[in-house]
Amino acid sequence: MKYQLQHTDPKSNARAGLLHTDHGVIETPIFMPVGTLGSVKGVQLRDLIEQVSAQIILGNTYHLYLRPGLEVLKAAGGLHKFNGFDKPMLTDSGGFQVFSLTGIRKLTEEGCEFRSHIDGSKHIFTPEKVMDIERVIGADIMMAFDECPPGTASYQYAKESMGLTHRWLDRCFKRFNETEPLYGYNQSLFPIVQGCVYPDLRRQSAEFIASKEADGNAIGGLAVGEPAEKMYEMIEVVNEILPGDKPRYLMGVGTPVNILEGIERGVDMFDCVMPTRNGRNGMLFTKDGIINMRNKKWELDFSPIEADGACELDRTYTKAYLRHLFHAKELLAGQIASIHNLAFYLWLAQEARQHIIAGDFASWKAQMVPRLSTRL
RNA sequence: GGGCGAAUUCCAGAGCGGCCAAAUGGGGCAGACUGUAAAUCUGCUGUCUUUCGACUUCGGAGGUUCGAAUCCUUCUUCGCCCA
């Protein structure tokens with residue numbers, strides 16, 4: 001994998017680049033749709049490519065390990081073959097599940113003992129095991145196994161957690177380097193910066209992560225309960241240290257505004273469940289603001305979902321019709337909203353990229369931010 | 001023509017003398033959602049009031065009672081059964 005820096009914004013740390021993988025080139029900044037179980041919820045492959053223009057999607061180690069399981073994935077020849085998406089993919093390690101499954105998991109130095117949320121069965125994830133699983137899944141980018149503490153964690157907890165994540169990272173790299181890809185193309189391992197909202201911890205973590213000289217680096221443990229300003233501050237602290245000749249991935253973020261703020265601070269890759277989950281729940285993101293599609297005000301609005309929207313389907317359906325679908329609990333509602341939101345997120349990243357290349361990112365961003373947060 | 005049963009807040013449907021503005025579900029209205037245990041969850045849903053609270057409701061009318069959605073009389077409507 002190779003990152004090629006193309007342009008740097010003169011007034012900020014925003015940058016445009018190309019990330020070359022064995023499954024194709026990714027234009028950065030990029031938004032990566034989340035497909036936890038190997039499927040971007042509600043979006044079929046054809047729409048993912050033609051309407052959304054997805055360049056890379058995510059899968060999740062924990063979820064895919066539980067279902068369909070390693071036997072099936074191995075027999076399929078990896079996740080690309082299994083789900084038919086032949087562009088780049090990235091797998092999250094299950095570190096986020098360590099965070100979100102609090103209560104049915106136990107953390108130790110060795111790893112994390114989970115109870116399956118599906119059947120309650122007991123499983124242990126160690127850094128070594130996670131690497132082995134990610135090899136079987138076969139994503140182009142594998143994420144290190146980390147602990148993601150909440151944004152409200154105490155300094156002491158954050159410090160200990162960071163230490164554990166770093167020790168796990170050494171074990172991840174050791175195993176990663178001892179093993180080979182299973183399907184004939186390369187895989188890269190991205191380490192993850194932690195440190196919660198504490199600048200000195202973030203710096204320390206970024207130094208440690210940078211020392212690994214990985215193909216790309218991730219910033220984790222943000223947008224998990226801390227104020228947005230703290231998040232931006234942490235991104236700045238960390239990006240001063242993470243190498244500029246490697247892509248930077250801000251994990252799990254975020255709102256359209258979060259993404260522009262991240263890009264401005266030098267982030268290249270983003271992922272988030274918001275466009276799909278919130279879409280399924282009736283929220284639409286547009287360049288003019290946020291729409292709660294269930295609201296009564298759209299009942300008789302027969303204008304297109306978004307007249308100048310990023311995908312065909314924005315002009316195919318009207319707001320009144322989409323509102324009707326949500327009220328009738330039609331499956332199609334969530335599908336349309338998911339495709340629309342993803343197409344919008346991809347458009348936003350691509351637009352940011354164009355403005356970075358054109359050299360007017362800062363002014364474009366300044367006029368977009370208030371628009372994007374408007375409640376329609 | 002005779003007999004029996006039922007009518008409850010937008011709908012369905014509990015309640016059967018005070019703890020009832022009235023369970024529960026649906027519908028409606030609004031909100032939340034950030035590396036997906038989520039096509040999920042939360043709140044409100046008689047009127048007025050910021051709150052406390054006040055007021056008007058349980059087919060219509062009239063009664064019994066300190067007190068009625070709940071008991072009685074009658075009327076209306078709708079079911080079912082017998083002619």
Side-chain angles (χ1 to χ4, degrees), chain A residues 31-43 56-64 66-67 89-105 114-121 130 134 139 141-151 165 190-194 218-228 231 249-259 261-262 267 269-285 290 292-299 323 325-339 341 345 375:
Chain A
F31 178 80
M32 309 182 282
V34 178
T36 303
L37 282 139
S39 135
V40 178
K41 290 187 195 297
V43 183
I56 168 173
I57 63 172
L58 262 64
N60 184 279
T61 301
Y62 166 79
H63 289 280
L64 289 168
L66 289 181
R67 208 161 39 188
M89 283 202 268
L90 177 154
T91 37
D92 183 33
S93 61
F96 186 73
Q97 279 63 43
V98 176
F99 160 68
S100 68
L101 298 180
T102 308
I104 53 174
R105 83 195 194 182
F114 288 98
R115 300 219 83 117
S116 159
H117 68 279
I118 299 165
D119 61 7
S121 55
V130 168
E134 292 195 84
I141 300 171
M142 302 167 38
M143 298 308 300
F145 187 52
D146 66 339
E147 190 205 351
C148 175
T165 288
F190 282 21
I192 305 169
V193 174
Q194 288 292 346
I219 307 167
L222 290 176
V224 282
E226 81 288 358
M231 167 166 76
Y249 164 30
L250 178 57
M251 305 184 76
V253 175
T255 65
V257 170
N258 290 160
I259 288 173
E261 297 294 348
V267 176
M269 305 163 72
F270 301 85
D271 80 281
C272 190
V273 303
M274 278 190 125
T276 42
R277 181 191 288 165
N278 291 29
R280 266 179 275 126
N281 295 331
M283 182 184 282
L284 261 63
F285 298 94
I290 295 164
N292 183 341
M293 207 66 245
R294 295 189 318 245
N295 286 178
K296 195 174 181 61
K297 63 197 291 191
W298 311 114
E299 190 175 28
R323 176 183 129 85
L325 295 180
F326 271 112
H327 279 263
K329 296 179 166 48
E330 281 291 306
L331 260 30
L332 185 57
Q335 295 171 358
I336 292 173
S338 295
I339 293 168
N341 283 343
Y345 266 63
R375 289 270 173 172

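So that the names make sense, note that chain A is the first sequence line, chain B the second, and so on, each numbered from 1.
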**Prompt:** Mind checking who B/U40 pairs with, Watson-Crick or G-U wobble, both distances under 3.5 Å?
**Reply:** B/A32
**Message:** I'd like to know if A/R294 reaches the base of B/G28 with its side chain such that a donor and an acceptor end up less than 3.5 angstrom apart.
**Reply:** no
**Message:** Tell me whether A/T165 contacts the main-chain N or O of A/E147 through its side chain, where contact means a donor paired with an acceptor under 3.5 Å.
**Reply:** yes
**Message:** Between B/C81 and B/C71, how far apart are the two C1' atoms, rounded to whole Å?
**Reply:** 27 Å
**Prompt:** Going by distance alone, is a donor N or O of one side chain under 3.5 Å from an acceptor N or O of the other, for A/H63 and A/R67?
**Reply:** no
**Item:** Side-chain N or O of A/H63 closer than 4.0 Å to phosphate OP1/OP2 of B/U36
**Value:** no
**Message:** Tell me the interatomic distance from A/I336, atom CD1, to B/A39, atom P, rounded to whole angstroms.
**Reply:** 18 Å
**Message:** Could you tell me how far B/U36 sits from B/A22 if I compare only their P atoms? Round to whole Å.
**Reply:** 44 Å
**Message:** If you only use heavy atoms from C-beta on, which nucleotide in B/A30, B/U36, B/G35 is closest to the side chain of A/I192?
**Reply:** B/G35
**Asked** For the side chain of A/F96, counting heavy atoms from C-beta on, which of B/A37, B/C29, B/A32 is nearest?
**Response** B/A37
Table please: side-chain donor-acceptor pairs of residues 89-101 of chain A below 3.5 Å, with sequence neighbours left out.
| residue | atom | partner | partner atom | Å |
| --- | --- | --- | --- | --- |
| A/T91 | OG1 | A/E134 | OE1 | 2.7 |
| A/S93 | OG | A/G95 | N | 3.1 |
| A/S93 | OG | A/A144 | O | 2.9 |
| A/Q97 | OE1 | A/N60 | ND2 | 3.0 |
| A/S100 | OG | A/F96 | O | 3.4 |

**Message:** With a 4.0 Å cutoff (strictly under), does any side-chain N or O of A/N60 reach OP1 or OP2 of B/G35?
**Reply:** no
**Asked** The side chain of A/K329 lies closest to which of these nucleotides: B/C33, B/U34, B/G27?
**Response** B/G27
**Under 4.0 angstrom between A/R277 side-chain N/O and B/A39 OP1 or OP2** = no
**Complete:** Closest of B/C29, B/A38, B/A37 to the A/R323 side chain is B/C29
**Prompt:** To the nearest angstrom, how far is A/R280 atom CZ from B/U34 atom C1'?
**Reply:** 13 Å
**Under 4.0 angstrom between A/H117 side-chain N/O and B/U36 OP1 or OP2** = no
**Item:** Out of B/C29, B/G35, B/A32, whichever nucleotide has its closest atom nearest the side chain of A/V273
**Value:** B/G35
**Request:** Please evaluate the base of B/U36 for a donor-acceptor partner in the side chain of A/T276 within a cut-off of under 3.5 Å?
**Result:** yes
**Message:** When you compare the side chain of A/V224 with that of A/C148, does any pair of heavy atoms fall below 4.5 Å?
**Reply:** yes
**Asked** Has A/N295 got a side-chain N or O lying under 4.0 Å from the OP1 or OP2 atom of B/C29?
**Response** no
**Fill in**
Winner on side-chain proximity to A/N281, out of B/U34, B/G35, B/A32, is B/A32
**Request:** To the nearest Å, give me how far apart CD1 (A/I259) and P (B/G35) are.
**Result:** 11 Å
**Item:** B/U40 OP1/OP2 closer than 4.0 Å to side-chain N/O of A/N278
**Value:** no
**Asked** Do you see a donor-acceptor pair shorter than 3.5 Å between the side chains of A/S116 and A/D119?
**Response** yes
**Request:** Return the orientation label for the A/F114 and A/Y62 ring planes: parallel under 30°, perpendicular over 60°, tilted otherwise.
**Result:** tilted
**Item:** Any A/Q97 side-chain N or O less than 4.0 Å from OP1/OP2 of B/A37
**Value:** yes
**Request:** Would you indicate, yes or no, if B/A37 has its OP1 or OP2 atom less than 4.0 angstrom from a side-chain nitrogen or oxygen of A/S100?
**Result:** yes
**Request:** Scan every strand shown for a Watson-Crick or G-U wobble partner of B/A12, both distances under 3.5 Å, and answer none if you come up empty.
**Result:** B/U24
